[in-house]
Amino acid sequence: MSGFTGFALRRTVSAVLTLLALSVIIYVVFYATPGNVAQITCGPRCSPEQVHQVAQQLRLDDPLYLRYWHFLQGIVAGHDYSTGTSVEHCPAPCLGLSYQSDQQVTQIILNKLPVSLSLVLGGMVLWLLLGVGTGVLSAWRRGRFTERALTGLTLAGIATPAFVIGLVLMIVVCGQLEILPFPEYVAFSDDPEQWMWGLLLPWVTLALAEAAYFARLTRASMLETLAEDHIRTFRAYGVGERSIVGRHALRGALAPIIALNANDFGSAVGGAVLVESLFGLPGIGQELVHAVTVVDLPVVVGMVLVIGFFVVLANAVADVLYAVADRRVVLA
Amino acid sequence: MSLVHVTDLTVEFGDLRAVDGLSVRLEQGAALALVGESGSGKSTVASALLGLHRGTGARVGGSVEVAGVDVQRAPDDDLRRLRGGKAAMVFQDPLSSLDPYYAIGDQIAEVYRVHTRVSRRAARARAVEVLDRVGIPDAVRRSRARPHEFSGGMRQRALIAMALACEPDLLIADEPTTALDVTVQAQILDLLHTLRQETGMGLLLVTHDVGVAAESVDDVLVMRHGRAVEQGPVGAVLGAPAEAYTRELLAAVPRVDAPRTPSRASGEVVLEAKSLRREFGRGKKAFAAVDDVSLTVHRGETLGVVGESGSGKTTLGRMLVGLLEPTAGEVRHDGHARVGVNPAVQMVFQDPVSSLNPRRSVGESIADPLRARGERDEKRIRGRVTELLERVGLEGAHYDRYPHEFSGGQRQRVGIARALAADPRVIVCDEPVSALDVTTQAQVVALLGELQRELGLALVFVAHDLAVVRQVSDRVAVMRRGRIVETGPADEVYDNPRDPYTKQLLAAVPALDPRIAARRRAERREVAVT
């Protein structure tokens, strides 16, 4: 694949620019708000001295662009915070300090990220298998009972909210049948087997909610491909239906699946709040909701940036996969 | 036993009877052409030979026997063995007829393995062998290319290679050269001819182009409305047609060797191009689609611009009307340098389907130039549009109808009416008849000639079809790779071409007489310049 390095370089630059733009918007939205930013940042229980100290830490006397520049410096080079008596060092990708929990934002995110990634990656594998599989089956069995039944099921899947699916699963599987214990998150590094059992229901829940969209998209794009001229060629040469559907039609449907998957993966990292809450998973989504509720600005800003990072990353990967799936795509 | 034996075939799609009681026979090794205009049912017959209507909802009646297989009653497995194994099909559009995602060699190997129990490696080797056989240079390497990396002619060769892979007894070619340039068409027809001589396979050619049939087959069957009009040896049917429709069809075919009565051109120059150049792309990828082209168009005359795909003729046409800005050079209307679009220079587009807004009535489309000029009086607009509709051979009552209610030829008439609405002095026609059947084509060409005489219009007629261009043009410019290689009075350019490329083009035009076609084929081997 010629020109790949150049493409990767250009794509990285544009990803960085996107994130920079995002960071400017986020920063301005949250730190240029009317009201006492120091008071908000510190939290309602802070004494006037503490608020004063936070105001100094945030350099509220500096103009906004200088403060933003400082924020960027922290991400690239790290930052030192004095807490009055001692100095705390916040290493390189420093997204700031949560004054409400006295923790570094980077650390908070690093604690939550493995949970979210475990959930979303596992869910993604399942939703792809389930969704694309259903779509292929519908396209293959088009016009027959199987297709109609699957179409009905898919519609039901889209109509049912994730937490309903999850709740029903939990009640039936853990409560009544007692096949699995009620899910509890165990880190992969602690015990891979428990990690898997604990995440199984969340994965299934997330996958069932997402798979319906993939099933619809796969079916529609495959039917479109099946109507194309090159399919007629292979029919006219005696190629069997299984090969026509599984090899030629599915290949034609890959591009939109890749695109949808990139979007869904990116947004699920920060957006699978319902599933996280339902199963008590301490992930990014839950933490973000919490941070927003208590107006913990540094945490909100940091998390939005990290979620943005995953959306941008997922789309960059999708671009590369596009080009691999379809050689006519010129990487530019 | 005949290779193909079709008796009383009928094919119905819903209420439409596409094929109506057709009987055809083709002996081993013989070649037959099904000739007809669009909607005559010729492609439907071709599909029926391979049982491709099975499972589509079409109702097929009568009996079809191909290479000993009863296509109507054979079980699915037998039918699959017939398809590609004993009878192989080559389709019209070679780009869309191959899977864009797989290497060409792999696609041929896949088809080969359906019919023979061989290893992947052996099938791949067979693919390279047949690609080499149809004249793909460096077949080992090129077999790994995907269809978009091939030119149109190479793709059609690849499809023919796929057909050859299993050494079929019958080759069905459905408009195999319609999407190709005339020189490439000649190469593909020559290839089919050679392959037939060497392998002894039978050929069933489906085409709308009488010339292509004359070049390629022994017998011809003329179809209309799903029925056989006339059938017999190609020389007899084309030389002395017995049926009125065949005569009508032949009369409509433009001849590349027929001189034209010149139009009444005056010396007044209405449109002039000076050293026009147009580049597309930037940096290293920049290329000039049109390069240093100068021409003049006089009042009342027709200038034909002829060239193959990619020669820059459409780009030139768009610059002449002001739809594209030239990179260098200038366009002058009536002696003045052009500023913006000028209502006096109008355009008629190739595809009458996509160049009309499907959601607006044709009357509204024709009224656009009037409204653009500031006309606000609805009554006057309606009156003028009605007049224009009648002028181009439609009815005033058609004002409120929508494009899909019209046939291709009628839609092109609407396009012409829209161009006339602005009272132009020049109309640039970009492939105005290439999407139309020959009889419709002849009518539209006649209409353009009539309008030219009555209104003193100057026409720039851009087309790839050498015969049509000769039929309409007073002067001709031959384009190649963005440049004009030869220009002059039409009869001079056609009868005594000086440029080798013009000679090559003219040698590639299919002849209506099979004897002349055979002679041309021999000539082409000699003038094979690149």
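Below, each value reflects all heavy atoms present in this structure, side chains not excepted, and no hydrogens, waters or symmetry copies. Just so we're on the same page: letters track the sequence lines, and every chain starts at 1.
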So, for [X] and [Y], which heavy atoms are closest and what is the spacing to 0.1 Å?
X: R83(B); Y: G238(A); answer: CB-N, 3.5 Å
X: F91(B); Y: T233(A); answer: CE1-CA, 3.6 Å
X: M89(B); Y: Y237(A); answer: O-OH, 2.7 Å
X: S243(A); Y: E110(B); answer: OG-OE2, 2.9 Å
X: V239(A); Y: R80(B); answer: C-NE, 4.3 Å

Within a radius of less than 6.0 Å around [atom1] of [X], do more than 12 heavy atoms belonging to other residues, nucleotides or ligands occur?
X: Y68(A); atom1: OH; value: yes
X: R142(B); atom1: CZ; value: yes
X: Y65(A); atom1: OH; value: no

**Complete:** Distance col, row L98(B):CG vs H248(A):NE2, nearest 0.5 angstrom, shows 10.5 Å
**Request:** Mind checking the CZ-CG spacing from R232(A) to D174(B)? Nearest 0.5 Å is all I need.
**Result:** 7.0 Å
Between [options], who has the most heavy-atom pairs with chain A when the cutoff is under 4.5 Å?
options: L50(B), L82(B), V111(B); value: V111(B)
options: H115(B), Q107(B), H148(B); value: H148(B)
options: S96(B), A165(B), G51(B); value: S96(B)

**Request:** Considering only heavy atoms and a distance below 4.5 Å, find which of R247(A), E228(A), R235(A) pairs most often with chain B.
**Result:** R247(A)
